[in-house]
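Chain naming here is simple, since letters A, B, ... match the order of the sequence lines and numbering starts at 1 in each. Worth saying up front: this structure is predicted, and the values here are computed from it rather than measured.
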Amino acid sequence: MFSNKIVLCYAGSLLLLAGVITFGLFYSSVVIPVPHIVHIVVERLTGVQLLEEVPSSEYAIIWDIRLPRVLLAAGVGASLAIAGAAFQGLLRNPLADPYTIGVSSGASLGAVAVIFFQFTIVGLGAFTLPFISIVSGFLTLMLVFGLVRLSSRSMAVETIILAGIILSAFIGSIISLIISLGSQEEMTQIIYWLYGSVAMRGWSYVGLLAPFVFAGGLLLLTQYRELNAMALGEEAAGHVGVHVQRGKIVILGGASMLTGAAVAVSGTIGFVGLVIPHMVRLVTGPDHQHVLPISMITGAAFLVAADIIARTIIAPSELPIGVITALIGAPLFAVLLIRNRIGKGKAA
Amino acid sequence: MIEIDRVNGGYQDVPVVHDIDVKTEAGTFFGLLGPNGSGKTTLFKLMSGALAPMSGDVRLSGTSLLHMTQLQRARRVAVLAQETHVSFDFTVEEIVRLGRYAFQKGVLKRMSREDQAAVEEALEVTSTTSYRDRPFYQLSGGEKQRVLLAKAFVQEPELLLLDEPTNHLDIRHTFDILDVLKRWQQEKGLTIFAILHDVNIAALYCDQVGLMHEGRLVEQGTVDILQRRERLSSIYGVEAWTQPHPAVARPQLLMNPPDIKERSMSLLEDHQLTCTDEVIHLTFPRPLRTVSNGVAGEGVQWIRHFANFHVDHYYNSMSPKEDVETWLEALGCRKEQSLGMMTAVQLSQAEICMETLFGIDFLVIVTAGTGNAVDITNRQPELEPWHAGTINTLVFCDLHLSDGGLMNASMSAVEAKVRALQDEGIMDHAAGTPATSTSTDSLVIAATQQGERTAYAGSGTAAGKGIGRLVYETTRKAVRRYNGGKP
């Protein structure tokens, strides 16, 4: 059904993900042999005892600390990458990602507000922060589109990016305002949260993120044909039969949901949504049927790897993961930009 | 069948098009013409569903297009818009496959075998198979347009809407696209509704055309309505001429440039006449409107150089036209502006007459050889080989003649020539009756196109009388000279 290349892409990215997850569980200050890791995971999941005499301290490290951390990183990476791929496809712009169009900033503002004011919505409990985060992300997106509609009737993608950047800057200043109004302790807490991290979150955060990853991911994966048709432009997509308004709402809604949830559990982690879909497209081609799922897998692997670097490079201290993704992502994006230009120059 | 029923529509609350009524049979190629800003694109958007009409309805085989869902519409109507940008590096085949969006069924919406067959056919028909795996952005404008056409074809539509499908394309690619369209139209009975900017292209390919002007459809019908030149001139704001295409029965439009004031030319003074034993060569400072049956430069033309070449009695060539063109070039005349004929008559026997009759300047040159004189009414056709014994008549006049006027002038000249031959007692020796001509006579009527334009130059007009009298007199003199008598 699919070409060998595509099958290889899936196999390769899945292997990569499995590899970095295993490495992430294995590599740290306390070295735990891989068989023990496998034993612990299998035992916890199925109850089957593969080995004897695995120390219980290792259980605590693997199951309570490392595994949730690795899974959270994978979930956040997957969410940001597929959201980025969807935004780029819908807006027909390679620069679109949850950050450039303002959704992340909006989601951060919501999260920061929840942290700062320490409130919970009745009935949502611990889900207050992700809920507020998602809603404020989506509201920001609506604001961006409102701004675009006011400034140009054609909804030019350049204007969308510009409006996103303007709103991001504005929201950033509101966040700064909130931070400066807080105490020293709150300030540190919020700033560190904003840098992005998946450390010491535990299973509850994994549980928080999981439903959104599944729902949002599934929502976007069903829209691959619409996203492909959108490459022709909205009007032409309508002419081949796409219900453009509905498709846009589903895609924007799904991508905002994923971004909001990712920001809610991990803070702002940049460049994943920008760089990963680009790299994936270089290998698979632009068909969203494959770009979306492979971006998800690769994004997960990328963030797990970034987290390994973040916690080991200056061990025993840790770097914020957002710093690592930006340090890797920005130069990588520059390379892609140049490569793209050269490639097109040759073809012309 | 497509029916546009009293459609009004526009942007916001301002109607741009008013009361559009069109009804065409299935399988018709309908071309929508009109100047920029006449409402063509608005009407197009009302039909493609991009705009909702303020009133009226658009029906395809009786079903309203306005109440269909996107999916239902896409299965019956395909659209090729003016400019389509494709983002990302989609390949040609991937783009074409997008056209099957509305046909994919089931939960997984996979491409079925039927879908793939439609894609293959569309690629084949548009000759895009060979670059199916190339990225779309790498293609040239013409190739891109063919790919987008293939995408429209895979929708297997009943109706295809095209917005200037050949915009920015050169002539060759324009015809490529339209040929592909025409073939698909004829094979599949497809109805095409196209905005076209080139009136002549529309005249060649459309079955029906409509003319938009200021938001209204002011004319519609077969391409023959494009012959209404006053209407076209007023709609487009330029002076237009129509004339039939020389090879197919369709009208073509010619635009007049703004009037260029040219110095008036005197027929009798502003020419250069050279007579040698080999050629009589007459040159004018600018071309004359000419009708002739000369060996080279025949038909209705604009001619500056007129040459009557002397050839040997035994001249016999398979390619007289090439010969004459070679001789013309040897005289330094560009063949596109030259007319050449030939005769075996000694050119010293030519009769040249310059006269002003009824206030009109005329110049008439006749070389007459009557060896092959025939009676046109003789029933025995003699399929003799080409002889050089001919009467060549060249008539130049200071008149402004339409094509019909040139025809009238030709008749006047021929009538006068026949009378001259009879009065000189020239006989068809085989039939024993008075001759009307020789078997290979040539005639040239050339007009300066100065003064009042007229279609009349027959025997009832001063122009016709002048031509008749001078051709008669000059021919008689030439015939007498040829037969050794005094003119």
Please report the C-alpha distance between A/Asn228 and B/Phe90 in whole Å, then the side-chain angles of each, then the deciding distance to 0.1 Å, and finally whether the side chain to side chain contact (heavy atoms under 4.5 Å, CB included) criterion is met.
CA-CA 9 Å; A/Asn228 282 344; B/Phe90 280 99; 3.5 Å; yes
Nearest-0.5 Å distance, CD of residue B/Glu94 to CD of residue A/Gln289
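Reported value, rounded in 0.5 Å steps: 10.0 Å.
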Looking at A/Val240, A/Asp287, A/Val244, which makes the most heavy-atom pairs under 4.5 Å with chain B?
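When all of A/Val240, A/Asp287, A/Val244 are compared, A/Val240 has the most.
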Contact residues of residues 142-156 of chain B (partner chain A; heavy-atom separation under 4.5 angstrom)
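Counting heavy atoms that sit under 4.5 Å from chain A, the residues of residues 142-156 of chain B involved are B/Lys151, B/Gln155.
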Donor-acceptor check, side chain of B/Arg73 to backbone of A/Gly241, threshold 3.5 angstrom: yes or no?
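Such a contact is absent between B/Arg73 side chain and A/Gly241 backbone.
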Tell me whether B/Gln116 at atom CD has more than 12 heavy atoms from other residues, nucleotides or ligands lying less than 6.0 Å away.
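Counting other residues, nucleotides and ligands, CD of B/Gln116 exceeds 12 neighbours.
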Does atom CD of B/Gln186 have more than 12 heavy-atom neighbours from other groups under 6.0 Å away?
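Yes.
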Which atoms of B/Leu161 are under 4.5 Å from chain A, going by heavy atoms: the side chain, the backbone, both sets, or neither?
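For B/Leu161, there is no contact with chain A at all, as no heavy atom is under 4.5 Å.
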Contacting moiety of B/Ala78, where chain A heavy atoms sit under 4.5 Å:
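Contact with chain A is absent: no heavy atom of B/Ala78 under 4.5 Å.
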Side chain / backbone / both / neither for A/Glu226 at chain B, heavy atoms under 4.5 Å
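Interface part for A/Glu226: both.
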Can A/Arg92 be said to sit on top of B/Phe88's aromatic six-ring, NZ or CZ under 6.0 Å from centre and within 45° of the ring axis?
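No, A/Arg92 and B/Phe88 do not form such a contact.
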Search all heavy atoms of A/His243 against all heavy atoms of B/Gln70 and return the closest pair with its distance.
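Closest approach of A/His243 to B/Gln70: CA-CG, 4.1 Å.
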With chain A, which of B/Gly99, B/Ala74, B/Ser87 has the greatest number of heavy-atom pairs at distances under 4.5 Å?
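Ranked by heavy-atom pairs under 4.5 Å with chain A, first place is B/Ser87.
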